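Whatever order the structure lists them in is the order used to number ligands and atoms, beginning at 1. Side-chain atoms are counted along with the backbone in the values below, which use heavy atoms only and exclude waters and symmetry mates. These numbers come from a predicted model, not from an experiment.
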Amino acid sequence: MIVRRWLTAAALATLPALFDAATFAAPASGTACANLAALTIPTVTIRSATLMPAGPFSPPGSRTEMTLPAFCRVEAVARPTSDSEIRFEVWIPPADAWNGKLAGVGNGGYMGSISYAAMATELRKGYATASTDTGHTGDDMRFGQAHPEKIVDYAYRAVHVMTDTAKLIVRDAQGRFAERAYFIGCSAGGQQALSEAQRFPEDYDGIVAGDPANNRIRQSFGFLYAWEVTHNPDGSPIIPPSKLQLLTKSAVETCDASDGLKDGLIDDPRKCHFDPARLLCASGAGASAKDEASCLTAPQVEAAKKMYDGLKSPRTGEQIYTGWPRGSEAFGDTAIQSWGTYVTDPKEPMRLGFFKYFLFHDPNWDYRSIDWDRDLAYAEQKLGFFAPVDRDLSGLKKRGGKLLMYTGWMDPVVPPQDTVAYYEGVLKTMGGADKTKDFFRFFAAPGMGHCGGGPGPNTFDALGALEQWVEHGVAPDRIVATHATAGKIDRSRPLCPYPQIAHYKGTGSIDDAASFSCAAAPAPARTATSPGTR
Ligand SMILES: [Ca+2]
C-alpha cells in the first residue's frame with residue numbers, strides 16, 4: 001500500500017493522467033524517494049535514494065538480517081573539508097507512517113560505521129532517522145594520522161553535518177520540515193549528544209546523552225593508567241576474570257544493605273568503602289592458607305585499589321581522571337560487563353591510538369614514556385576540541401532544548417563519577433539546580449552497566465520521557481526502568497533525577513516500581529571529580 005503510493009508519486013511526472021489525487025493522502029509536495037538522488041546540497045553528494053519495501057534488510061557489512069517497515073533509504077557522503085569523507089544515511093518512513101519527527105542516532109567507541117540497529121529502532125517507531133560513520137571506517141584510530149580534519153569530523157563535525165543535511169532531505173521527501181528533532185546516543189553517542197548540546201544547540205529539540213564518553217582526553221589517560229596498574233611488566237593481567245567477579249561479589253555483599261535496602265544493588269558506589277584488602281589471601285601454605293579462588297594476592301589487592309582511586313597527578317596529587325566504581329569489576333557474562341574490554345583483556349592500553357595518531361603523530365610512541373602532567377597539558381591545549389566538556393549550556397537553555405543524561409552506577413567503561421562531575425559542573429556554571437532543572441536532568445541507575453546490562457533495572461524509555469518533556473512540558477520526575485531475566489521482567493524501579501534516589505516506601509515488593517518514591521539521598525555524597533570536565 002505504502003509502496004504503491006510512492007511509486008504512484010514517482011510516476012506522477014510522466015503519467016499525470018493516471019494519478020488519482022483522492023486516494024493520495026500524503027502531501028503532494030513531497031519528492032518521490034528515487035528523485036531525492038537529484039537533490040543538490042553544498043558539500044554533500046547523495047549516492048543513492050532507494051525505496052525499500054517492508055521486509056528483510058541486511059545492513060552493509062552485516063550478515064544479520066533485520067525486518068523493517070517500508071522506508072526510503074538515502075545514502076550520502078559529506079565533504080565539508082577536502083579531507084572529509086563523512087558517510088551517512090537517512091531513512092524516511094512513508095508519509096502516512098511518519099510521526100513527523102527526526103531521530104539522529106549516535107555511535108559507539110571510535111566505531112566508524114553507520115548505526116543501523118539504532119536506526120531500525122527509531123524507524124519502527126515512525127521516525128525519520130539518520131546515522132553517520134563519523135568520517136572514517138572501523139574502530140582503529142589510524143585514520144587521524146596526518147588527517148587533522150578527520151579528527152574534527154569524528155569529534156563533532158560529522159554529526160552536525162549529518163543533522164543539517166538530514167533535515168533538508170526529510171523536508172524534501174515529506175514536503176515539510178520535521179516538527180521535532182531528537183538525538184539519542186550512548187557511550188561515544190553520549191559524547192556526541194553532549195557535543196551537540198554544547199556546540200550546536202539549534203540542531204535538536206531534545207537530546208539523550210547516555211553514559212557519555214565526553215571527557216575523552218582524560219579518559220584516554222585514564223585507560224592508560226588503568227592498564228598500567230592492572231598489568232605485570234610482561235603485559236600479563238594481574239587480576240584474572242574470576243577475581244574480578246570475586247571483587248564485585250564482595251563489594252556488593254559489603255555495601256548492599258548499607259544503602260538502606262538489601263536488594264543486591266549498591267545504590268551509590270561512592271558511599272561504598274569496600275576494601276579489597278579484606279580478601280587478601282592468608283600468607284604461606286599449609287592448613288591456614290585460604291582457597292586461592294576465594295582470595296586475592298597482594299598485587300591483586302593493590303591493582304584493585306588503584307582502579308578505584310583513579311589517576312592522580314604524580315606531581316600535585318590532583319585527580320586527573322576518576323577511578324572506576326566498586327561493583328563495576330565484573331558482573332555479567334560478557335567482557336563489556338567488566339573491566340575486561342577496556343582494561344584487563346587488551347594486550348596493551350586501550351586508546352593508544354589517541355596518543356600515537358591524534359596527539360604525537362608517532363606510530364612508535366611508547367606508552368611507558370608518558371608524563372602525566374606534561375602530556376595532559378599538551379593534549380588539552382592541542383586537542384581541546386576533542387572533549388565536549390563545556391559546562392556552559394546557555395545556548396541549549398536559550399533555544400528551549402532539553403537534555404536528558406543518564407549513566408549506570410556499575411559502568412565499567414565510562415566511570416559514572418565522571419558523568420556526575422560533569423553534571424555538577426554544569427549546575428555550578430549555570431547557577432544551580434533551579435536554573436538547570438527546566439532543561440537538563442540527569443539519572444543514575446543503580447546496578448546498571450555501560451549503556452545497559454547489569455543486575456539493576458537497566459531498560460527504560462529515555463526518548464519517550466524526553467518527548468513528554470519537549471512536546472508536553474512534562475519534565476521527567478521519575479523514569480521507570482525494568483530488569484529482565486531471559487526476556488522476562490522480574491524487577492521495576494524508578495530512576496530519579498540526580499541527586500534524588502529511589503526510596504523504598506517500606507511496604508510492597510522491592511521488585512515493583514510502585515513501592516518506591518524519588519526522594520533526597522540521606523546524606524550528601526562526596527564526589528570524586530575529574531577537573532577535566534571544565
Ligand atoms: Ca542495596
Side-chain angles (χ1 to χ4, degrees), residues 211 244-279 304 307-308 322-333 337-339 406-420 423 442-460 477-485 488-528:
D211 299 62
L244 292 177
Q245 289 171 8
L246 174 63
L247 279 164
T248 293
K249 186 169 167 285
S250 304
V252 172
E253 279 173 5
T254 304
C255 298
D256 180 1
S258 60
D259 57 30
L261 186 64
K262 194 159 170 41
D263 56 355
L265 306 175
I266 303 173
D267 225 35
D268 181 343
R270 295 172 304 170
K271 295 176 181 172
C272 174
H273 303 292
F274 159 70
D275 183 352
R278 285 177 49 181
L279 296 171
M307 280 293 289
Y308 300 145
T322 180
W324 276 261
R326 286 166 170 80
S328 70
E329 306 85 351
F331 52 85
D333 299 332
Q337 292 176 316
S338 74
W339 294 346
Y406 66 83
T407 190
W409 269 129
M410 278 173 110
D411 190 331
V413 181
V414 179
Q417 301 97 311
D418 193 58
T419 308
V420 172
Y423 177 72
F442 168 48
F443 298 79
M448 186 175 95
H450 186 56
C451 298
N458 53 49
T459 303
F460 49 95
D477 287 327
R478 57 189 262 153
I479 302 173
V480 173
T482 57
H483 177 276
T485 303
K488 192 169 180 294
I489 290 174
D490 49 16
R491 174 172 276 182
S492 68
R493 185 160 313 174
L495 305 180
C496 301
Y498 184 90
Q500 291 183 8
I501 58 162
H503 177 73
Y504 178 55
K505 292 174 180 172
T507 55
S509 168
I510 64 165
D511 294 331
D512 183 356
S515 309
F516 291 80
S517 59
C518 288
R526 201 166 54 83
T527 307

- Message: Regarding Asp267, does it place an N, O or S atom less than 3.0 Å from the Ca ion (ligand 1)?
- Response: no

- Please work out whether the ring planes of Trp339 and Tyr308 are parallel, tilted or perpendicular, with thresholds of 30° and 60°. perpendicular

- The O(Asp256)-the Ca ion (ligand 1)-O(Leu261) angle, to 10°, is 80°

- Note on the structure: Among N, O or S atoms, Asp263 approaches the Ca ion (ligand 1) most closely through OD1

- Query: Does Cys496 reach the side chain of Phe516, with side-chain heavy atoms less than 4.5 Å apart?
  - Reply: no

- Message: Using a distance threshold of 3.0 Å, state whether an N, O or S atom of Lys262 lies below it from the Ca ion (ligand 1).
- Response: no

- Message: Parallel, tilted or perpendicular, judged at 30° and 60°: which one describes the rings of Tyr498 and Phe442?
- Response: tilted

- Query: Hey, mind stepping through Arg491 and Asp263 against side-chain contact (heavy atoms from CB on, under 4.5 Å) and telling me if it holds?
  - Reply: CA-CA 11 Å; Arg491 174 172 276 182; Asp263 56 355; 3.8 Å; yes

- Message: Would you say the rings of Phe460 and Tyr406 are close, in the sense that their centroids are separated by under 6.0 Å?
- Response: yes

- Item | Rounded to 10 degrees, the angle OD2 of Asp259 makes with O of Leu265 at the Ca ion (ligand 1) | 80°

